[in-house]
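Okay, so here's the structure we're looking at.
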Amino acid sequence: MVKRNPADEKKRVQAILRRLRKAYPDAQCALNHRSAFELLVATILSAQCTDATVNKVTPALFAHCPTPAALAAAPRADVEALVRSTGFFRNKARNIQGAAHVLVEEFGGEVPQGMDDLLSLPGVARKTANVVRGVCFGLADGVVVDTHVRRISQRLGLTKQEDPVKIEQDLMTVLPKTRWIAFSHEVIWHGRRICDARKPLCEQCSLFDLCPSGTKLLKARR
């Protein structure tokens, strides 16, 4: 992690959090869902795929397989066809059906709240588990680290790490636990609207003066 005077760094992080909250007061999960089951499946499908694409796929998928039992029992070919456009569709179909099967057999058809229970499901790693626990149950075990959170946390100097698990550990250290869930939603919105991977709109960024990368990124664009 970038080393700074602890008191100054704490103030900087607090300022970042205040501005993010002010800029994105309505930030929430971008994956459309009506239940923990639907969010679980949608998050598994979102790996290496945009949320927009997943949101186009899931209405038909959940119309065909509205419950864990229905998804577990569906012909694999049908599920693969329904999720094909999300990429890696064979692996994803296997994972979501495997997860549905475990939900039926071990959890009474309900999505469990426990982190270890969620991690026991096929296709579920910490990111997916954190999404489901945070969005559906309001429980924070960590910080969701997707491509936006990774990129922006690095640009803001909140981490030097590349591995998502290590980035999450850094963020859990510098962010108050009460902000772990909201921070990810706000940063993802910021990444989609302002801090683009290739063409960040630094001139419009409310975090510019708090961002160690801002001046460098702005010069690179000119």
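The basis for the numbers below is simple: all heavy atoms, side chains too, and nothing from hydrogens, waters or symmetry mates.
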Open item on the list: Determine whether Leu103 and Leu40 satisfy the following criterion, side-chain contact (heavy atoms from CB on, under 4.5 Å), listing intermediate values before the conclusion.
Closed with: CA-CA 11 Å; Leu103 291 180; Leu40 173 69; 3.9 Å; yes
TODO: Would you please test Ile96 and Val83 for side-chain contact (heavy atoms from CB on, under 4.5 Å) and show each step?
DONE: CA-CA 10 Å; Ile96 62 175; Val83 304; 4.2 Å; yes
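- Contact detail for Ala74 and Cys65: the closest heavy-atom pair is CB-SG, 3.8 Å.
- In terms of hydrophobic clustering, with Ile, Leu, Val, Met, Phe, Trp and Tyr side chains grouped at heavy-atom distances under 4.5 Å, Ile188 and Leu31 are assigned to different clusters.
- Salt bridge status for Glu162 with Arg150: present, with a side-chain N to carboxylate O gap under 4.0 Å.
- From His148, atom NE2 reaches atom NE2 of His185 across 13.5 Å, with rounding to the nearest 0.5 Å.
- The two residues Ala47 and Lys92 have their closest heavy-atom pair at O-NZ, 2.7 Å.
- Heavy-atom contacts from other residues, nucleotides or ligands closer than 6.0 Å to CZ of Arg76 number more than 12.
- Expressed to the nearest 0.5 Å, how far NE2 of His33 lies from CD of Glu38 amounts to 8.5 Å.
- With contacts defined as side-chain heavy-atom distances shorter than 4.5 Å, the pair Ser213/Leu156 does not qualify.
- Between the CD atom of Glu80 and the CG atom of Asn91 there is a distance of 10.0 Å, given to the nearest 0.5 Å.
- For the pair Val111/Cys136, no side-chain contact is recorded, criterion being any heavy-atom separation below 4.5 Å from C-beta on.
- In this structure, Glu105 and Pro68 have side chains that are not in contact, with every pair of non-hydrogen atoms separated by 4.5 Å or more.
- For the residue pair Thr43 / Ser46, no side-chain donor-acceptor distance below 3.5 Å is found, with atom types taken as modelled.
- For the pair Pro176 and Leu17, the minimum side-chain heavy-atom distance is below 4.5 Å.
- Residue Arg155 holds its CZ atom at 8.0 Å from SG of Cys211, rounded to the nearest 0.5 Å.
- Side-chain heavy atoms closer than 4.5 Å link hydrophobic residues (I, L, V, M, F, W, Y) into clusters, and following such links, possibly through other members, connects Ile44 to Leu121.
- Within 6.0 Å of CD in Glu110 there are 12 or fewer heavy atoms belonging to other residues, nucleotides or ligands.
- Residues Phe137 and Val143 are members of separate hydrophobic clusters, defined by side-chain heavy-atom contacts under 4.5 angstrom among Ile, Leu, Val, Met, Phe, Trp and Tyr.
- Remark: side-chain polar atoms of Trp189 are not paired, donor with acceptor, to backbone N or O of Ala23 under 3.5 angstrom.
- Side-chain contact between Ser153 and Phe183 is present, with heavy atoms from C-beta onward closer than 4.5 Å.
- Salt-bridge formation is not detected for the pair Glu168/Lys127: no Lys NZ or Arg NE/NH1/NH2 atom is positioned less than 4.0 Å from an Asp or Glu carboxylate oxygen.
- Summarising the local packing, CZ of Phe88 is surrounded by 12 or fewer heavy atoms from other residues, nucleotides or ligands at distances under 6.0 Å.
- Side-chain N or O atoms of Gln97 include one that pairs as donor or acceptor with a backbone N or O of Leu71 at under 3.5 Å.
- Between Ile152 atom CD1 and Leu207 atom CG the span is 8.5 Å, to the nearest 0.5 Å.
- Remark: side-chain polar atoms of Arg133 are paired, donor with acceptor, to backbone N or O of Gln113 under 3.5 angstrom.
- Trp180 contributes no side-chain N or O that, together with a main-chain N or O of Asp141, makes up a donor-acceptor pair within less than 3.5 Å.
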Open item on the list: side-chain hydrogen bond (donor to acceptor under 3.5 Å, both in side chains), that's the test. Do His190 and Arg193 meet it? Break it down for me.
Closed with: CA-CA 5 Å; His190 188 64; Arg193 290 159 175 75; over 6 Å; no
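- No option in Val54, Thr86, Leu45 other than Leu45 meets the side chain to side chain contact (heavy atoms under 4.5 Å, CB included) test with Leu61.
- Note on Val149: it clusters hydrophobically with Ile16, by side-chain heavy-atom contacts below 4.5 Å among ILVMFWY residues.
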TODO: Decide yes or no on side-chain contact (heavy atoms from CB on, under 4.5 Å) for Thr159 and Lys166, but give the supporting numbers first.
DONE: CA-CA 9 Å; Thr159 183; Lys166 293 181 179 179; over 6 Å; no
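- With salt bridges taken as basic N to acidic carboxylate O contacts below 4.0 Å, one links Asp51 and Arg192.
- Of all the heavy atoms in Phe37 and Pro66, the pair that sits closest is CE2-O, 3.8 Å.
- Closest approach of Cys202 and Gly214 over heavy atoms only: SG-O, 3.9 Å.
- Closest approach of Asn55 to Pro59, counting heavy atoms only: O-CD, 3.1 Å.
- The pair Arg19-Asp209 meets the salt-bridge criterion, with a side-chain N (NZ, NE, NH1 or NH2) lying under 4.0 Å from an Asp/Glu carboxylate O.
- The backbone N or O of Val79 lies less than 3.5 Å from no partner atom in the side chain of Arg84, so there is not a single donor-acceptor pair.
- With a 4.5 Å cut-off on side-chain heavy atoms, Val187 and Leu20 count as touching.
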TODO: Begin from the C-alpha positions of Phe62 and Ser35 and carry the test side-chain contact (heavy atoms from CB on, under 4.5 Å) through to its verdict.
DONE: CA-CA 11 Å; Phe62 294 135; Ser35 66; over 6 Å; no
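- Contact check for Leu158 versus Glu9: side-chain heavy atoms found under the 4.5 Å cut-off.
- Residues satisfying the side chain to side chain contact (heavy atoms under 4.5 Å, CB included) criterion with Ala129, sequence neighbours excluded, are Met115, Leu118, Leu119, Val124.
- Taking CD1 of Ile167 as the start and NZ of Lys160 as the end, the distance is 13.5 Å to the nearest 0.5 Å.
- Between Val102 and Pro122, the closest heavy-atom pair is CG2-CD, 3.9 Å.
- Note on Leu139: it clusters hydrophobically with Val135, by side-chain heavy-atom contacts below 4.5 Å among ILVMFWY residues.
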